[in-house]
Amino acid sequence: MAKRAMMEVVDQDPVASLRILFGRLLEDAEIGAVLVAQHLNKGGVPMPALVTDPERFEYADPLAPAFPINAAKIVSRLSRRPAGETVAAVLRPCEIRAFIELVKLKQGNMHDVLLLGIDCPGAFGNTDYARYVEGNGSRSSVDFLTAAIRGKTSTEDGLDISPACKACEHPVPENADVIIGMLGVDVKSSLFLYAGTPRGEELLSKLNFSEIREPEDRRSAVVELLERRIAYRDRMFEKTTEATADLEKLTAYLANCVNCYNCRVACPVCYCKECVFLTDVFDHEPAQYLRWARRKGILKMPSDTIFYHLTRLAHMSTACVGCGQCSNACPNNIPVMELFRTIAACTQRAFGYEAGRSADDEPPLSAFREREFSEVTGGKD
Amino acid sequence: MKYFYYSGCSLEGTAAEYDTSTRAVLRELGAELMEIEDWSCCGASAAESASYLLSMVLPARNIALASRTGIEADFVVPCSACYLNLRRVGDHVHRDEALAQRINEVLSEEGLTYQKGLKTRHLLDVLANDFSCEDLDERSRRKLSGFKVAPYYGCQCLRPYRDFDDPQQPASMDPLIEALGAQVHPWSAGARCCGAGLMTTKKNVALRLVGDILSAARGADCIVTVCPMCQMNLESFQSKISRERGEKLDISILYLPQLLGLAFGIRDRELNLHMNLALTEPFLHKLRTITGC
Amino acid sequence: MSTNEPNTNASPPGTRGADAMQTLAGRLSACMQCGTCTGSCANSESMDITPRHLWRLVQLGLKDCIFDSATFWICSSCYYCTLRCPRGLPLTDAMGELKRIAVAEGLFRDRTSPLFYRTFLDTVRRYGRVREMEVMARYFLALRSPAVSAGFTPLGIKLLMKGKIKPRIPGMSGRGKLGPIYDKVREMEARS
Amino acid sequence: MKEKIGSALIVGAGISGIRSALDLAEMNYHVILIDRAPHIGGTLRQLDRQFPDDHCGMCKMLPLVDRDAASQYCLRKGLFHENIDIMLSTDLVSLEGEPGRFQATLRFKPSLVDPGRCMGCGECARVCPVEIPDEFNAGLTLRKAVYLPVPHNIPNHYVVDEAACIRCGECQKVCPTEAIDLKLESRRAFRILVVDDELVVRDSIKEWLEDEGFSVDMAESGVEAVEKLGKREYGLMLLDVKMPGMDGVQVLKAARDMRPELPVMMMTAYATVETAVEAIKMGARDYLMKPFDIEKLVSIVVQYYQDTESIPERRVDVGAVILAAGFESSDAGLVKDTYGYGQLPNVVTSIEFERLLSGTGPSQGKLLRPADGRPAEKIAWLQCVGSRNLHLNADYCSSICCMYSIKEALLAKKHNGGNVDASIFYMDMRTFGKDFQRYRDRAQQEHGVKFIRSRVHSVEPGASNGSLSIVYSDPAGTVCQEEFDMVVLATGQKAPRGTSALAEVAGVELNPWGFCRVSDFSLTRTSRDGVFVSGSFSGLRDVSESLIQAGSASLCASALLHSKGGELAEVAHERYPVREVSREMPLTALAVCSCGEILERAAGLSGIVETLQKAGLVSEVFRFDRLCTRSDWEDLRKKTESTRCNRVLIGACLPYVYGKKLKELSRSAGLATSLMDVVDIRTPAFPGLDGDKRSVSRHILTAIEMALARLRGVDSLSPVHTEVIRKALVVGGGIAGMTAALAIADHGFHVDLVERSPQLGGNLRTLHRTIEGSSPRDLLERTLSRIEKHPLLTVHMNARVVHSQGRVGRFLTTLEKEDGRGEAIEHGVCILATGGKEAAPRSYCYGDSEAIVTQHELEGMFREGVLDPSRLGIVAMIQCVDSREEGRNYCSRVCCVSALKNALYLKERNPDTDVYILYRDMMTYGFLETYYTQARRAGVIFIRYDLEDRPAVEVIDGRLKVSVLDTVLGRQIILEPGLLVLSTGIVPAEHVREAEVFGLSINEDGFLMEAESKWRPVDFMRQGVFLCGLAHSPRSITESIAMAEAAAQRALGLLCRRELPIGSTVAEVRQSLCSLCERCIAACPYGARWRNEEEDRIEVDQPACQGCGSCAAVCPNGASVILGFRDQQILAVIDAALEQVGG
């Protein structure tokens, strides 16, 4: 049994090497299908695709600095009920963490999914990725990767990974079954694979990898990256807190919102079948709008914007994994991710909870504790 | 009011001033005291260690002597130890019928018969309950205003029999002291033990107890007592204790009737204050300003 | 029952005949060793074993240990323990009982107290009343300990000067009048 | 109104009384609940937190079925139930008649404040010049002479403390509703004769009493007194015992002849107390000790005055009576001399300490020393104050003090930055209840509470200012001195004042300690048929034990009512026709009460009403001057009968008062109660709130608008009812199971009783006799013969439950019989009485010698007569074998008593047998303490051992040697007993299977876990399933029986209904929104939700749902909805609160 393994990289191309690995999963490891990002039109954004034919990994590119969708929702759809076969899903850490949240909400199941997590150096926003690829067709995923794992994510033409990635303190998918490690590794010669669970261990054995020790530089590379990201994150928290300090500021912060609800659609953990904001609850009487308007003399339309965001914060901030898809999806560039992460940091701390950490943690509010929030109750429980 | 008066041995000897002052004060209050012909020692604490029966017979003999007179009156006993011994006979006989027979078998040697019925009372009980504060007030020729008096009860007039006062927080002396115009020293040592007979047999033990009491009395002008044993223990070793403790603990110790007598204006021939072993100069000075001599 | 010191002559209550110790144990059997007596006792610091310990020994019938101790001699009969015992046990009387047993059976190490009591009672027998001077003199004589009597000398002098000690014989008519009573008591106690 | 079949009287409205009342009310009996105090709640009104969770939770007692019949708010604040009439300040003065047909006379002590008029505005208290210590805060704070007895009550009326009142009349002047009448004339008419030979005494008493408004005559001698008695009528005579000439006793004799009804109060000095006591036997009412405490004297005189006033009496017919008169804390003053209570302000009683910790207490929950307000950082608890004390006729244990002291110590530790040092001085730590031992261990090991085994004899002032010094002797005999900031006296129980009078009235016997005596094998049957006892009136007990006993009492009462009434009161749930309005536009009728002129003046009420009408928010308006009067109410009733509106909102004062009235209105108007509401418009206009007319008016307008918004959005659909299968299943055929089965069957319902073994009886078969001397065998035979004969009982022997489905009211359970055959049983409720048994010893050489036996085995030997007690020599018993230490860390509660019982039996048979009991803490709680005393007196020798030095047992050549360290002597004691008896305790039966079948939890010791240890001791979280007996925790036969009765009572509360009504506030699932995340299932504290796998949806068990709203809070999808609290409705209410029409 192997817990840690080194995979040789062929032709100095880790992407190509991974494609071979995915093929072997289907052939040698009793995996029914592999879910992995693929370029469907050449040069376009890679999208998750479910592959069952070992020959069809030719455009698979899980290392591309693109993140058009958080695939947690897709994995949940694949695992809500038993499918009869195991699916291996190649995911970024934030996707895995979001999936774990969904599992807790009974929206998915870990049994029939094998999670392959990749070390994540970050990704561009949708528009930036398009510019990155278009600007210079020769730029490959491998070029970005080799620079990024050395700490350089920005390009000479001023592109950089998204703020969500810059503030992400989970670049390593510790809770995957198998982790594909690149930090602290020379990715042009080898990739470091290690098992996070007994199932992962089993898989590595099936693939006949042999046990090695952890690459020497890995730990320090991770620590260094984390330091940078946490510093960025804390600056972001500070800035956002200031920018949303009162209701007036918050209103200004969200002023550009058009109630398109894209952020909610893009959010991997927003799992309601039907959003309450689409129901009759917000179907107000015309006279009601006028009464509201009269109270302050002015009423933003469409109304209920702040209420919408606050409701989402109330419902989902404890499950927020900070993937940044909300900001990615916003047509008006509202820093939604910054707001969510800032609030989520508070709410998750309040419950001693970390979204996506483990499927065994009980989500806040579902466990009734008699003593909590003594700072709110004034110590009287 | 008539009482059988049982003075006990101490009042014939070392506590003569207690005897004379008691007689004088009760006379002033209009009480008549009847002597018990041929009375004998109550046995003190010694009889108990020799023989239970003897410890019952000795006090019972005195009660038998009194009941022989056919007069019905209460016993008044100034000495707490005597009081307890006499009081106990009635209690034990009450609980054990056979005991009365055994006692009488012994007493028949002298032709005496012990009978239940006569009530044994401590002098303090009589002073506090048979006379009203108005009586005391009326008889007081001068007020002892300005005097702070620490009432010391000791043990055996309070315990184990709760005849007239609370056994741990006694207060029966308070109205008497106040009726004389004096002030009660607030302390909690009034019912503590002075060491009693241990002063003879285990002196160091007793000295510690006395020291604590004297120390608690600081701020008072005098301590009043209602028992010769307490009086002796409190007054006799003040300088020794002061030396050992390194603090000045001398204080005047008076018998309660002596204090009453001072207010009543009873002459010193009967109060015999000169017999007290502990009378401090400041106390005497204060006394002179009141009596005017 | 035995202790790990095999020399004890104690036997468990209930197996012996009418014995004073056993009667006493019976009177104290309701004791639950709460320790109120010890806490209340003005003299417990001067005792070699505490009252609570003493009553436990009585319950268990460990007579040797009891009379090895001077605890009951140090009792000054203030009756606090009796008053406060939550079980209402006659503890002060029990101290007296122990003194009595000690005297009767000669079970004492320190003879000062028994001697004093004996001297006292002799005086009573002789005169009917107590002559303090004589009690003291005879007591110190019997004690043969000049150190102790010296401790009392200043007091004696003080008392003399105050006229409190008189050579007068106490006023009972007829010397030794209580003799028959003493004898009768002794006779009756020997009988039972 | 429904017809009430059968009615019960409950005396005492503490928690036991409330529990019994609710039990009977839930079965639809009519209940009259009286209390002599002006409030309900008894002692618990002062206690914020209970062990073991250090919380309150009293509301968990509120009905779970037919919730709408009762109030739904904090039970410490008040209680309302449509079947309960609560009468406060009321005494039972006579009880005549037969069981099932009693005539009770109740006397109501009128207050000078008319509760019908008082709205609790507090103006009177504001002007009252008197300040005296407040009983609610145990005297630690001050209150006025006109005051609220419990500050947090709902509704809350002021009362006048007549003893403290100086009759200045200020309150009467300012009362806006003219609710106060001080009745000064009637006081003046009360004439008192004071007889004393001492002028000073006469004069001062006269002065004090005249100050109180009474008329006083004086007599200086007995002769003069008699003369005066002949001439004039007196209300009271105060009489000195000792007077020259004709003394007090002689005067009393004369007075008894002349005026037998005249109350006489003796006055005495300490010395003549005996005479005074004699005088009481001759007819004097009481005596007062000189020197007088003025306050006490006055309050007693006022008491007499109130008694003789013309007091309204009411005669009621009741079928059964439950006495729940509670207890009284032992008077700490009795021990003031040693513990300094009353003199040293930092010495407090446990109740005072509870108040100190309370947020509504004197320091708002900060732990400060009463003397100087400095933080109390070092606190000592002294146990057994007033208990286990023969001097106070208290040869009993008060049962709860050990636990509450630990609780208080733990609570204290949370204060003052966690810097509190807590020491508990005790003799035996009596942790005999379920999980108590662990609670103690946690306190000691995790929280550092110090436990010192020593009884402290006195508390004295310490060296520094305000500190207290304690001298105690430690177990080793060393006398220690320690200083504390505060000392808490764990005061025990005492029979409440007036107990003997109540017992006389009710015709019940008292036990030697003045508590109610109960019959053999019952905690609740008194010496008078039809009169039952509940709660601490028969001895102090903690909350859960009180509730169990209360359940047992109500079961007994209900059995009696049932047997007399022929049929169990049946809830024909009110099904009066109501209008179907769900398709109508919401139209609201508003009824406003202007409280005379006040609201018009203070807020311009008509303006408010106009505004609302203009805005179209109300369709019809009814105005009233005083809606609290019967005539105005009738008027409203008539108006609502003919209104076209489909909502009614009442604007008035005291909305809580309207619960019952709204039902009445609902019936006559044909509108569902949920379509009606009451809003408080009176409070904003209370004097002293300093609002100007504009702001008062705005307050009222907002309040009405919010209520209107809520009413508009109300769901008018009536919920579905579930039909009940009116049969019970009882699992376990021991005494608990048999008792429960019989209790239910006696009420006319069929019961299936399932027993695993081939015979009924359980542990009863192995017991010889109880410590009280009764025979378990007789009990068994009696019970078996009743079971055999009962037509409604089916017994399934050699059977086990293997499967169960369904929910409250409708279960289908499968039994597996001996031969493997299955049988399905339908039932509406289930009681688990799966029992327990004596644990098999694992230590002390058990099995190595025939002379080592367990207590049970010893009893067996007695029963078989195979043991000759005359030849035993020495018998040793070891307590706590394998228990009260990890592995089995609980007290089995019965072993100490068994040991005492067997030891006493041995001593009785042969006094020469030496019996040694080796123990850790003697758990002789309650009146069992007296057997401990008896055993000590009988010469049983008790040797305490510590876990670190446990006894050693050896078997050498067949002979036993037991060595143990005597902790007092500090030396080893060696015994060579002929018989060694091990007290091994009780272990639960193997009931994992049963727990699984019914979806129940098991605690770490294997006992079944109740819904809530304190407030729902016989319920499970799973509704409709109950537990009793050893399956819950170790207990005695009698306690098991009581618990079985309590469980049967809970089950009958369901069975007595044909269908289960559902509360108007209940959860629903909007399936179209539900994402099936199941967070609501985890969040539901009542287990009322489950996932229907077949239809893939979340279901709500509506009869079990309590409408708490946890599911709605946790559901992010908005799919969980609480009826009456829909999103839209709440948003509309919020809007109404924030904006105003025209504002």
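To find a chain, count down the sequence lines: A is the first, B the second, and so on, and within it residues start at 1. Please read all numbers here as calculations on a predicted model, not as lab measurements.
- Only the side chain of C:Thr50 comes within less than 4.5 Å of a heavy atom of chain D; its backbone N, CA, C and O stay farther away.
- When each of D:Arg430, D:Arg944, D:Gln879, D:Met429 is checked for a side-chain contact (heavy atoms from CB on, under 4.5 Å) with D:Asp921, only D:Met429 meets the rule.
- Heavy atoms closer than 4.5 Å to chain C are found in the side chain of D:Asp966, but not in its backbone.
- A salt bridge links C:Glu187 to C:Lys184: one of the charged nitrogens lies within less than 4.0 Å of a carboxylate oxygen.
- Aromatic ring orientation, D:Phe432 versus D:Tyr925: parallel (interplanar angle below 30°, classes split at 30° and 60°).
- A donor-acceptor pair shorter than 3.5 Å cannot be found between the side chains of D:Gln493 and D:Tyr396.
- Applying a 4.5 Å heavy-atom cutoff, the residues of residues 38-48 of chain C that approach chain D are C:Thr38, C:Gly39, C:Ser40, C:Ser44.
- The part of D:Val479 that comes within reach of chain C is its side chain, from C-beta onward, which places non-hydrogen atoms under 4.5 angstrom from that chain.
- For the residue pair D:Asp395 / D:Thr933, a side-chain donor-acceptor distance below 3.5 Å is found, with atom types taken as modelled.
- Contacts between residues 88-102 of chain C and chain D, defined by a heavy-atom separation under 4.5 Å, are made by C:Gly88.
- Proximity to chain D (any heavy atom under 4.5 Å) is shown, for C:Leu57, by both the backbone and the side chain.
- A donor-acceptor contact under 3.5 angstrom links the side chains of D:Ser405 and D:Gln383, judged on distance only.
- Aromatic ring pairs are classed by plane angle as parallel below 30°, tilted from 30° to 60° and perpendicular above 60°; the pair C:Phe67 and C:Phe72 is perpendicular.
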